[in-house]
Visitor: 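Just passing along the structure, written as C-alpha cells.
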Number of protein chains: 2
Amino acid sequence: MRRTKKERQEHLQETIQANPFVTDEELAGQFHVSVQTIRLDRMELSIPELRERIKYVAERNMDDEVRSLPIEEVIGDIIDIELDKSAISIFDVKKEHVFTRNGIARGHHLFAQANSLAVAVINDEMALTRKADIQFTRPVREGERIVAKAKVIRTEKLQTIVKVSSFVGSELVFRGEFSMFRAPLPDKEGQDETGN
Amino acid sequence: MRRTKKERQEHLQETIQANPFVTDEELAGQFHVSVQTIRLDRMELSIPELRERIKYVAERNMDDEVRSLPIEEVIGDIIDIELDKSAISIFDVKKEHVFTRNGIARGHHLFAQANSLAVAVINDEMALTRKADIQFTRPVREGERIVAKAKVIRTEKLQTIVKVSSFVGSELVFRGEFSMFRAPLPDKEGQDETGN
DNA sequence: CCGATATTAGGACTAGGTACTAAAGTTAGT
DNA sequence: ACTAACTTTAGTACCTAGTCCTAATATCGG
C-alpha cells in the first residue's frame with residue numbers, strides 16, 4: 001500500500017507518462033483510492049484528462065506525418081552532364097532530410113542523389129539499377145551542400161558501370177559503384193491492359 | 001452545394017482522412033447537412049467516431065515511441081519488429097515512385113525502404129549506414145506491394161550487419177547487406193524537472 | 001401520385017470527464 | 001485530548017461527442 005500523498009503522486013505521474021491511455025477509474029483501482037482522489041492529484045500535477053492526453057499524442061503524430069514521405073522526383077539539381085561520360089549534381093540537405101534525433105542526413109537521400117545521377121548519365125531509353133556497392137564515409141548534416149560526381153567507367157552490351165563520389169566541400173561523404181542495366185527501347189513484354 | 005449522397009460521402013471520406021480531428025458538428029456545418037446525416041454517412045462508410053480516430057492515430061504513435069528511432073522517419077509501414085533481431089515492412093509502389101517512361105519503380109525507393117528498416121531494427125539511439133551492398137533482382141511496377149524483411153546477422157562493438165530481402169509476392173526483388181554504425185546518443189543532459 | 005430512398009428531429013443512454021459542495025477521516029501541534 | 005489543517009471520499013449537476021433507436025418529413029424516380 002502506497003502511503004503518502006507525495007509518493008502516490010510521483011507514482012501517478014510515472015504511470016501516466018508510461019501509459020497515457022489509462023482512465024482515472026483504472027488508476028483509482030491500481031492505487032486503491034477513489035477516482036476523486038486521482039482527479040485531485042491530476043489537477044495538482046496539472047495532468048490533463050485522458051482525452052486531452054490522447055489528443056496530444058495524436059497531434060504530435062500528425063505533424064510528423066506531413067513531412068515524412070517525400071523523396072522528390074529528381075533528387076538534386078544536375079548542373080553538368082555529358083551523356084555516357086560524366087555528370088554532376090548538387091543537393092542541399094534540409095531539415096526534412098535529416099534524422100530529428102541527431103541532425104544527420106538519412107542515407108537514402110545520398111543514395112537517391114547518386115542513383116538518380118547514375119540513371120541520368122546513361123544515354124538510353126531505359127536504365128535500371130541492378131547492383132550497387134556503396135559507402136557512407138562521413139555523416140552529412142543539415143545545411144550542407146552535397147556535390148555528386150558520376151563517371152561512367154565502362155559499358156558492356158547491356159550493362160554500364162558508373163562510379164559516383166559525393167562531396168561536401170572537399171570531403172568525400174559518399175562513394176558508390178552502380179551497375180546499371182540499359183536497354184535501347186522499352187520492349188514491353190508485360191501487358192498493361194490492366195490500366196494500371 | 002454538394003448534391004448527391006455519393007458525392008458528399010466521397011468528400012467526407014477525404015475530409016476526415018486529411019483531418020481526423022474534425023467533429024460531426026463541424027462536418028455538418030461544412031456540408032450543410034445535419035449531424036445525423038453525417039453520422040449515417042460515417043456508419044455507411046464505417047468511419048469511427050472522432051475519439052476512436054484520435055486514439056488510433058495516437059496509438060500508432062505510441063508504438064513508435066517504444067522503439068529507439070521514431071517511425072515517422074521510416075519509409076514503408078513497419079508491420080513487425082523485434083529489436084536487434086528482425087523487422088518487416090511493407091511499401092506500396094504508387095505512381096509517384098515509378099519512372100513515367102516505363103512504370104518501373106525507381107531504385108532509391110527500394111533502397112530507402114530497406115535502409116530505413118535496417119535503421120529501425122537497431123536498438124540504439126543512433127544508427128547510421130556505413131556501407132551497403134545491394135542488388136535489384138527484378139523490376140518492381142506500380143501497384144505492387146513490396147515486403148521487406150530485415151535480419152540482424154551479427155553485432156560487433158559499434159557495427160551491426162543487417163541483411164534485407166524485399167519481395168513482391170514470393171519473388172525476390174531486392175537484396176542488400178547493410179553495415180550499420182551504432183552508438184548511444186552523444187550525451188544529453190536531460191532536464192525533466194517539469195515541476196512547474 | 002406512389003413508393004423508395006434520404007434527411008432531419010428527438011429521446012434515452014454512454015464514457016470520461018469538469019466543477020463544485022459537503023461530509024468524513026487523518027495527522028500534527030499544543 | 002482537542003482543535004485546526006489537511007486529505008480523502010461522496011454526491012450532484014453539467015459537458016462533449018458520441019451511440020442506438022424511432023418517427024416524421026423531404027426529395028426523387030418511375
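Note on naming: letters A, B, ... go to the chains in the order of the sequence lines (proteins, then strands), and numbering restarts at 1 for each one. Note that the structure is predicted; figures quoted are calculated from it, not measured.
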Visitor: Sequence neighbours left out, cut at 3.5 Å: what donor-acceptor pairs do the side chains of residues 130-137 of chain B make with other protein atoms?
Guide:
residue, atom, partner, partner atom, Å
B:Arg130, NH2, B:Gln159, OE1, 3.4
B:Gln135, OE1, B:Arg175, NH1, 3.3
B:Thr137, OG1, B:Leu172, O, 2.7
B:Thr137, OG1, B:Val173, N, 3.4
B:Thr137, OG1, B:Val173, O, 3.3

Visitor: Expressed in angstrom and rounded to an integer, what is the separation of A:Glu52 atom CD from D:dC15 atom P?
Guide: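 The distance from CD of A:Glu52 to P of D:dC15 comes to 17 Å, rounded to the nearest Å.
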
Visitor: According to the ring-ring contact (aromatic ring centres under 6.0 Å, His included) rule, which pairs have a member within residues 142-161 of chain A, sequence neighbours left out?
Guide: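 Matches after skipping sequence neighbours: none remain.
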
Visitor: Over all strands shown, is B:Val35 touching base, sugar-phosphate only, or nothing at heavy-atom distances under 4.0 angstrom?
Guide: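 It contacts nothing in the nucleic acid.
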
Visitor: Determine, for nucleotides 22-30 of chain D in 5'-to-3' order, which nucleotides have protein heavy atoms under 4.0 Å from the base (write B), from only the sugar-phosphate (write S), or from neither (write -).
Guide: ---------

Visitor: B:Leu40 CG to D:dC20 P: how many Å, rounded?
Guide: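 B:Leu40 atom CG is separated from D:dC20 atom P by 12 Å.
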
Visitor: Between side-chain atoms of residues 139-148 of chain A and protein atoms elsewhere (two or more places apart, or another chain), which donor-acceptor pairs fall under 3.5 Å?
Guide:
residue, atom, partner, partner atom, Å
A:Glu144, OE1, A:Arg138, NH2, 2.7
A:Glu144, OE1, A:Arg141, N, 2.7
A:Glu144, OE2, A:Arg138, NH2, 3.0
A:Arg145, NE, A:Asp92, OD1, 2.7
A:Arg145, NH2, A:Asp92, OD1, 3.3
A:Arg145, NH2, A:Asp92, OD2, 3.0

Visitor: Would you call B:Phe21 and A:Glu59 a side-chain contact if the rule is heavy atoms closer than 4.5 Å?
Guide: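 Answer yes - side chains close enough.
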
Visitor: Could you tell me the separation between the CD atom of A:Glu26 and the P atom of C:dA15, rounded to a whole number of Å?
Guide: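 Roughly 13 Å, once rounded to whole Å.
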
Visitor: May I have all residue pairs that pass salt bridge (Lys or Arg N to Asp or Glu O under 4.0 Å) and include part of residues 9-18 of chain A, sequence neighbours excluded?
Guide: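 Checked against salt bridge (Lys or Arg N to Asp or Glu O under 4.0 Å) - neighbours excluded - no pair reaches residues 9-18 of chain A.
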
Visitor: Where the side chain of A:Glu49 is concerned, which of C:dT8, D:dT19, C:dT18 is the nearest nucleotide?
Guide: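 Nucleotide nearest to A:Glu49's side chain: C:dT18.
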
Visitor: Between atom NZ in B:Lys5 and atom C1' in C:dT8, what is the gap in whole Å?
Guide: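 One finds 14 Å between C1' of C:dT8 and NZ of B:Lys5, rounded.
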
Visitor: What does A:Gln36 touch in the nucleic acid at a heavy-atom separation under 4.0 angstrom: a base, only the sugar-phosphate, or nothing?
Guide: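 Touches a base.
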
Visitor: Has the side chain of B:Arg39 got a donor or acceptor atom sitting under 3.5 Å from an opposite partner on the base of D:dT19?
Guide: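 Checked by distance alone, the answer is no.
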
Visitor: Going by heavy atoms in the side chains, are A:Arg8 and A:Lys5 under 4.5 Å from each other?
Guide: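 Yes, close enough: below the 4.5 Å cut-off.
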
Visitor: From the list D:dG18, C:dA6, C:dG16, which nucleotide is the closest neighbour of the side chain of A:Thr23?
Guide: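 In terms of side-chain proximity for A:Thr23, the closest of D:dG18, C:dA6, C:dG16 is C:dG16.
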
Visitor: Rounding to an integer number of Å, can you tell me how far A:Asp24 CG sits from D:dT8 P?
Guide: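 Computing the A:Asp24:CG to D:dT8:P distance gives 15 Å.
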
Visitor: Whole angstrom is fine here: how far is it from CD1 in B:Ile38 over to C1' in C:dA9?
Guide: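 That distance rounds to 16 Å.
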
Visitor: Select from A:Ile47 and B:Asp41 the residue whose nearest nucleotide in DNA chain C is closer to the 5' end of that strand.
Guide: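 The residue closer to the strand's 5' end, by nearest nucleotide, is B:Asp41.
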
Visitor: Once you round it to whole Å, what is the distance between P of C:dT5 and CZ of B:Arg8?
Guide: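 So the two atoms are 16 Å apart, to the nearest Å.
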
Visitor: Nearest-Å distance, CE (B:Met43) to C1' (D:dA17)?
Guide: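 Roughly 13 Å, once rounded to whole Å.
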
Visitor: Applying side-chain hydrogen bond (donor to acceptor under 3.5 Å, both in side chains), name anything that partners B:Thr129, two or more places apart in sequence or on another chain.
Guide: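 So B:Thr129 forms a side-chain hydrogen bond (donor to acceptor under 3.5 Å, both in side chains) with B:Asn115.
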
Visitor: Return the nearest nucleotide to the side chain of B:Thr37; candidates are C:dT18, C:dT8, C:dA6.
Guide: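 Nearest to the side-chain atoms of B:Thr37, counting from C-beta on, is C:dT8.
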
Visitor: Using a 4.0 Å heavy-atom cut-off across all strands, classify A:Arg42 as base, sugar-phosphate, or nothing.
Guide: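 Here A:Arg42 touches the backbone only, sparing every base.
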
Visitor: If you take atom types as modelled and just measure distance, does the side chain of B:Arg51 reach the base of D:dG18 with a donor-acceptor pair under 3.5 Å?
Guide: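 Result: no qualifying N/O pair found.
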
